[in-house]
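Just so we're on the same page: letters track the sequence lines, and every chain starts at 1. Everything quoted here is computed from the prediction, not taken from an experiment. Values below: every heavy atom of this structure, side chains too, minus hydrogens, waters and symmetry copies.
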There are 2 protein chains.
Amino acid sequence: MNIYDIAKLSGVSIATVSRVVNGSEKVSEKTRSKVLDIIRQEGYTPNVFAQGLGIGTMHTVGILVPTISDQYMAKCVSYLEDQLTVHGYDCILSCSGFSIEGKEARTQMLLSKHIDALVFVGSTYSGSGESVEETDYIREAAKQAPVFIINGYVKGDNVFCRLCDDRTAMREAVGALLAHGRKDILFLTDSRSYSAREKTAGCIEALEGAGIPVRDEMFLHTENRIHAVRDYLLSINPVFDAAVATDDGIAIGAVKFAQEKGLSVPGDLCVIGYNNSSLAVACNPELTSIDSRAELLCRETIDNILAILHGDASIPACSIQPGRLISRKTTDF
Amino acid sequence: MNIYDIAKLSGVSIATVSRVVNGSEKVSEKTRSKVLDIIRQEGYTPNVFAQGLGIGTMHTVGILVPTISDQYMAKCVSYLEDQLTVHGYDCILSCSGFSIEGKEARTQMLLSKHIDALVFVGSTYSGSGESVEETDYIREAAKQAPVFIINGYVKGDNVFCRLCDDRTAMREAVGALLAHGRKDILFLTDSRSYSAREKTAGCIEALEGAGIPVRDEMFLHTENRIHAVRDYLLSINPVFDAAVATDDGIAIGAVKFAQEKGLSVPGDLCVIGYNNSSLAVACNPELTSIDSRAELLCRETIDNILAILHGDASIPACSIQPGRLISRKTTDF
DNA sequence: TAAAGGAATGTAAGTGCTTACATTCTCAGT
DNA sequence: ACTGAGAATGTAAGCACTTACATTCCTTTA
């Protein structure tokens with residue numbers, strides 16, 4: 001069942017059928033309804049390949065994410081997918097893993113599908129210095145389609161970053177801990193992403209602002225699995241009265257460590273997580289966490305994608321939203 | 001940069017270039033390497049639309065999921081995506097929501113992309129009776145591409161179901177609670193999916209097996225949000241000494257309820273969740289949960305998809321894997 | 001050294017659509 | 001009734017591939 005069949009059955013030319021299908025104005029009402037009837041009756045769907053061949057696009061946006069088994073990423077993908085669909089775009093999702101090679105390969109795959117835009121979620125960065133060249137593939141990709149990065153930073157033409165101000169959020173969180181009398185802060189992360197670096201920087205700023213010497217032992221690198229974090233802490237047995245983590249899962253590991261050691265939370269140990277996921281509220285005591293505004297960033301991204309695909313060129317290369325501390329029971333403020 | 005350019009540059013015909021690109025045997029080594037050099041040098045990638053137009057497929061499988069903000073679904077999608085990519089298939093993901101209309105629309109969208117196979121994850125069912133007609137769209141889809149359903153049941157040609165034996169798992173779990181002296185079981189669910197029905201049936205079987213009268217109040221329908229469940233239970237204040245839920249999030253809501261009421265878990269109240277997600281281990285006390293074998297079902301599905309796409313027709317329409325109770329701290333066994 | 005036969009390569013006909021341009025229709029204005 | 005303009009429709013040329021079939025090129029082998 002192709003456009004020729006429909007044309008024949010409705011007694012018009014394929015051009016007219018095409019016009020009807022694409023909602024062109026230049027068709028008489030009578031013809032339109034006749035063709036539409038036949039189309040419905042025969043259950044005809046245009047062949048996307050042929051359409052794509054003709055016009056070079058498929059009304060599709062690619063979403064590239066390191067993993068979807070992460071609440072933050074899942075939330076973003078979910079929102080992006082939903083809204084893009086509402087606006088008539090289809091999504092191709094790809095989970096790249098965290099390696100550069102994986103990301104490059106998946107980026108290629110997505111580009112080969114002639115997507116109209118490409119969205120990276122998280123974990124991508126080109127900070128100052130050593131890692132810039134690792135993001136060249138993103139600048140390459142941006143030559144073929146506008147690239148949006150949610151919670152990552154890459155500089156380049158046609159590359160748009162939508163960020164949460166993790167540095168400030170973390171500075172303020174650590175500042176609050178210090179202001180409430182905590183002395184030994186432990187910073188826990190599982191990542192070397194742009195966002196993790198910003199958080200680290202924020203923590204250091206707060207420490208320095210309070211005149212506290214910054215020591216290496218205060219910064220721990222772990223997996224993002226609750227029990228792995230707990231066991232790691234048990235094994236090194238650090239002395240600390242407050243912990244901040246770059247993700248809720250890690251923070252809960254610290255809570256579990258405290259419980260294992262018989263420390264009270266938040267009495268002996270304050271804990272602050274990040275991303276305000278459902279884990280935070282599953283935990284007991286419920287976890288104070290920084291909301292990194294996934295939905296807000298995604299909403300902005302969607303608006304921008306639609307604008308740029310509709311020919312609006314005035315999209316800011318970068319925008320930053322403030323994070324938000326959600327106080328629960330693992331802090332005394 | 002298209003196949004004609006490459007042909008011209010390498011001094012051969014487009015047919016030969018096509019053969020090289022597709023790894024056909026019928027090309028001399030010399031020609032092959034020459035063409036390959038040019039292709040690499042020019043950075044040529046075949047146009048997927050033109051390829052698709054010619055051969056009618058794009059080496060893509062569609063994945064349809066109600067939502068990805070659910071750990072079970074996310075785990076499945078993650079695994080499917082990863083393995084399919086390893087085997088050279090691309091994935092198109094779509095989140096349909098839970099409504100029939102949403103699912104139908106997304107199914108159409110995916111089919112229009114000429115996918116080689118379609119995978120539904122969860123929430124889909126055609127049980128005995130009233131809901132069969134609602135799955136007609138799946139049988140329609142199966143005429144165009146093999147359909148796999150993970151944790152859902154639909155009968156039809158070219159429809160393959162990969163299930164966890166939720167009924168037995170739930171019967172055994174409730175049986176264990178009864179065997180350990182619990183008398184007032186509360187069953188909590190947020191869904192009317194095939195799998196939720198099976199779990200309900202299993203619970204009823206256990207109750208009947210123990211000669212306990214089955215009362216309506218034992219079966220509660222709630223949202224799947226921890227606080228919503230807790231608040232709901234607080235509002236109706238039911239009397240029970242054990243709860244089983246169709247998802248961990250719901251079960252944790254029951255734990256929170258107990259804590260709010262000053263009940264000890266598992267002393268006064270045993271709780272069993274479902275899906276063994278990371279929430280179970282974030283919870284305190286950690287949640288006993290039934291592992292519904294997402295990865296196993298997905299692995300099987302992948303094997304079957306590959307087999308069927310390679311022409312192997314001997315795929316069983318249905319297969320069932322046993323669930324697995326993971327004992328933690330919300331039960332006394 | 002020529003004929004045969006298989007390997008390598010080329011030719012051209014699809015594949016289903018979009019769209020610029022050409023043609024035909026319709027009807028208001030004369 | 002006749003023009004002419006604008007609306008409606010049709011024609012045909014891409015778009016970038018795959019592949020059946022035709023052709024050419026080597027080897028063998030007698």
Is the ring centre of A:F49 less than 6.0 Å from the ring centre of B:F49? no
Considering only D:dA8, C:dT18, C:dC17, which nucleotide approaches the side chain of A:Y44 most closely? C:dC17
Polar side-chain contact B:Y4-D:dC15 base: donor and acceptor under 3.5 Å: no
Would you indicate what A:V21 reaches in the nucleic acid, counting non-hydrogen atoms under 4.0 angstrom: base, sugar-phosphate, or nothing? nothing
Under 4.0 Å, heavy atoms only, any strand: does A:S28 hit a base, just the sugar-phosphate, or nothing? sugar-phosphate
Presence of A:S18 side-chain N/O under 4.0 Å of C:dC17 phosphate oxygens OP1/OP2: no
Tell me: CG of B:L53 to P of D:dA16, nearest whole Å? 12 Å
Determine the contact category for B:V27: base if any of its heavy atoms lies under 4.0 Å from a base atom, sugar-phosphate if only primed atoms, P, OP1 or OP2 are that close, otherwise nothing. sugar-phosphate
Between C:dT18 atom P and A:I3 atom CD1, what is the distance in whole Å? 5 Å
d(CG, B:N47; P, D:dA16) in whole Å: 7 Å
Are the side chains of B:V21 and B:I39 in touch, meaning some heavy atoms are under 4.5 Å apart? yes
Counting just side-chain N and O atoms, does B:Q51 come under 4.0 Å of either OP1 or OP2 of D:dA16? no
Hey, is the side chain of B:T16 poking within less than 4.0 Å of OP1 or OP2 on C:dG10, counting only N and O atoms? yes
Tell me: NE2 of B:H114 to P of D:dT18, nearest whole Å? 17 Å
A:V27 to A:R32 - nearest heavy-atom pair and separation: O-NH2, 3.7 Å
Do B:Y89 and B:T60 come close enough that some side-chain heavy atom pair is under 4.5 Å? no
What's the CD1-C1' distance between A:I6 and C:dT18, to the nearest Å? 17 Å
A:R19 atom CZ is separated from C:dT19 atom P, nearest whole Å, by 10 Å
Under 4.0 Å between any heavy atoms, over every strand shown, what does B:V48 touch: base, sugar-phosphate, or nothing? Just pick one. nothing
Looking at A:R139 and A:D136, is there a salt bridge between them, counting it only when a charged N and a carboxylate O are closer than 4.0 Å? yes
Starting at atom NZ of A:K30, determine the distance to atom C1' of D:dA7, rounded to an integer number of angstrom. 14 Å
In whole Å, I'd like the distance from the CG atom of B:N22 to the P atom of D:dA20. 12 Å
Among D:dA16, C:dT18, D:dG10, which is the nearest nucleotide to the side chain of A:I14? C:dT18
By nearest-heavy-atom nucleotide on DNA chain C, the more 5' of B:A15 and B:G54 is B:A15
Residue B:S13, side-chain atoms from C-beta onward, closest of D:dA16, C:dG10, C:dG16: C:dG10
